[in-house]
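Heads up, the thing below is written out as structure tokens.
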Amino acid sequence: MQKETRLKRELARLMENPPEGICCYPQMDKTDLLCANVMGPRGSPYEGGLFQLELEIPQNYPFEPPRMKFVTPVYHPNIDSSGRICMDFLKMPPKGGWKPTINLENLLTAVQLLLENPNPDDPLMADIAEEYRFNKAEFKRKAKKTTEDYAMKKRKHELN
């Protein structure tokens, strides 16, 4: 019961007053499966991209974090080729930082910030983390190319 009440309140708040570049909505009539769109942050190689995420809300929410993954491919040290995200907020303590006070808006904003500020010290993709550390120009080139190929293609198609 607490899960449904909280989710309805959080989704209503996200629809009424969404953070810049973020939207979130239920998939069909399922309140435990959500879609989110996150715009790539300005000044990052993801700028101009529209990234789709899928959020699965567990039965114990908010006492357990949502399972979140990117549907849109992303070239990033903390996001693997399956779209899984390595981020402290998505892990339970003691290894992670999840707290029941964290809401969907906080999570999606944190994902947007992670795009802008990768964490190469806690990577899912070690090779991309090494590239980010030692060859940032090549990392930015590949991230921008992946963004253009996958996160902008849909937008260009929608505009035509």
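The analysis underlying the following values was restricted to heavy atoms, covering all of them including side chains, and did not include hydrogens, waters or symmetry mates.
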Practice problem: Could you walk me through whether Gln27 and Glu54 pass the side-chain contact (heavy atoms from CB on, under 4.5 Å) test, one step at a time? | Solution: CA-CA 9 Å; Gln27 273 191 12; Glu54 188 175 271; 3.6 Å; yes
Quiz prompt | Intermediate values then yes/no, side-chain contact (heavy atoms from CB on, under 4.5 Å), Thr146 and Tyr46 | solution = CA-CA 9 Å; Thr146 303; Tyr46 310 101; over 6 Å; no
Exercise. Would you please test Gln112 and Glu116 for side-chain contact (heavy atoms from CB on, under 4.5 Å) and show each step?
Key: CA-CA 7 Å; Gln112 194 175 44; Glu116 189 173 5; over 6 Å; no
Practice problem: Decide yes or no on side-chain contact (heavy atoms from CB on, under 4.5 Å) for Phe63 and Gln2, but give the supporting numbers first. | Solution: CA-CA 10 Å; Phe63 302 104; Gln2 184 173 5; 3.4 Å; yes
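At distances below 3.5 Å, at least one donor-acceptor pair connects side-chain atoms of Ser44 with backbone N or O atoms of Pro41. Side chain of Asn103 to backbone of Asn106: a donor-acceptor contact under 3.5 angstrom is found. The closest donor-acceptor contact from the side chain of His76 to the backbone of Ala129 lies at 3.5 Å or more, if one exists at all. Asn60 contributes no side-chain N or O that, together with a main-chain N or O of Glu64, makes up a donor-acceptor pair within less than 3.5 Å. Using a distance-only test at 3.5 Å, with no hydrogens or angles considered, no donor-acceptor pair links the side chain of Asp80 to the main chain of Leu124.
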Show me the donor-acceptor pairs, under 3.5 Å and distance only, between side chains in residues 89-98 and residues at least two apart or in other chains.
from: Lys91; atom 1: NZ; to: Asp122; atom 2: OD2; distance (Å): 3.2
from: Trp98; atom 1: NE1; to: Pro62; atom 2: O; distance (Å): 3.0

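Heavy-atom neighbours of Arg42 CZ from other residues, nucleotides or ligands within 6.0 Å: at or below the threshold of 12. Within 6.0 Å of the NZ atom in Lys142, the count of heavy atoms belonging to other residues, nucleotides or ligands exceeds 12.
Within the 4.5 Å cutoff, no side-chain heavy atoms of Asn37 are placed close to those of Leu53. A heavy-atom distance below 4.5 Å is not found between the side chains of Cys23 and Leu14. With a 4.5 Å cut-off on side-chain heavy atoms, Leu33 and Pro26 do not count as touching. The shortest side-chain heavy-atom distance between Phe70 and Val111 falls under the 4.5 Å cut-off. In this structure, Leu7 and Ile57 have side chains that are in contact, with non-hydrogen atoms separated by less than 4.5 Å. Side-chain contact check for Pro19 versus Leu108: every heavy-atom pair is 4.5 Å or farther apart. Lys3 is listed as a side-chain neighbour of Asp32, based on a closest heavy-atom distance under 4.5 Å. Pro45 is not listed as a side-chain neighbour of Thr147, based on a closest heavy-atom distance of 4.5 Å or more.
Nearest heavy-atom pair, Pro118 versus Pro77, reported as atom, atom and distance to 0.1 Å: CB-CG, 3.6 Å.
Looking at Glu10 and Arg6, a side-chain N of the basic residue comes within less than 4.0 Å of a carboxylate O on the acidic one, giving a salt bridge. Contact check on Arg133 versus Glu130 returns a salt bridge, with a Lys/Arg side-chain nitrogen under 4.0 Å from an Asp/Glu carboxylate oxygen.
The side chain to side chain donor-acceptor pair (under 3.5 Å) search around Glu16 returns none, not counting sequence neighbours.
Hydrophobic cluster membership differs between Met125 and Tyr150, with clusters built from Ile, Leu, Val, Met, Phe, Trp and Tyr side chains linked at under 4.5 angstrom. The hydrophobic cluster containing Leu114 also contains Leu107, counting ILVMFWY residues as joined when their side-chain heavy atoms lie under 4.5 angstrom apart, directly or transitively. Under a hydrophobic clustering in which Ile, Leu, Val, Met, Phe, Trp and Tyr are joined whenever their side-chain heavy atoms come within less than 4.5 Å, directly or via other members, Leu55 and Met39 fall into different clusters. Note on Met152 and Val74: separate hydrophobic clusters, where clusters join Ile, Leu, Val, Met, Phe, Trp and Tyr whose side-chain heavy atoms are under 4.5 Å apart, directly or indirectly. Note on Ile128 and Met87: same hydrophobic cluster, where clusters join Ile, Leu, Val, Met, Phe, Trp and Tyr whose side-chain heavy atoms are under 4.5 Å apart, directly or indirectly.
Judged purely by distance below 3.5 Å, without hydrogens or angles, the side chains of Glu131 and Tyr75 pair a donor atom with an acceptor atom.
Cys86 contributes atom SG, which lies 10.0 Å from atom CD1 of Ile79 (distance to the nearest 0.5 angstrom). Atoms CG and OH, on Asp121 and Tyr132 in that order, are 10.0 Å from each other to the nearest 0.5 Å. Of the inter-residue distances, the one linking Arg84 atom CZ with Asn78 atom CG reads 12.5 Å to the nearest 0.5 angstrom. The line from CD of Glu20 to OG1 of Thr109 is 10.5 Å long, rounded to the nearest 0.5 Å. Taken to the nearest 0.5 Å, the CG atom of Asp88 stands 9.0 Å off from the CG atom of Asn119. Here the CG-NZ distance, from Asn135 to Lys140, works out to 11.0 Å after rounding to the nearest 0.5 Å.
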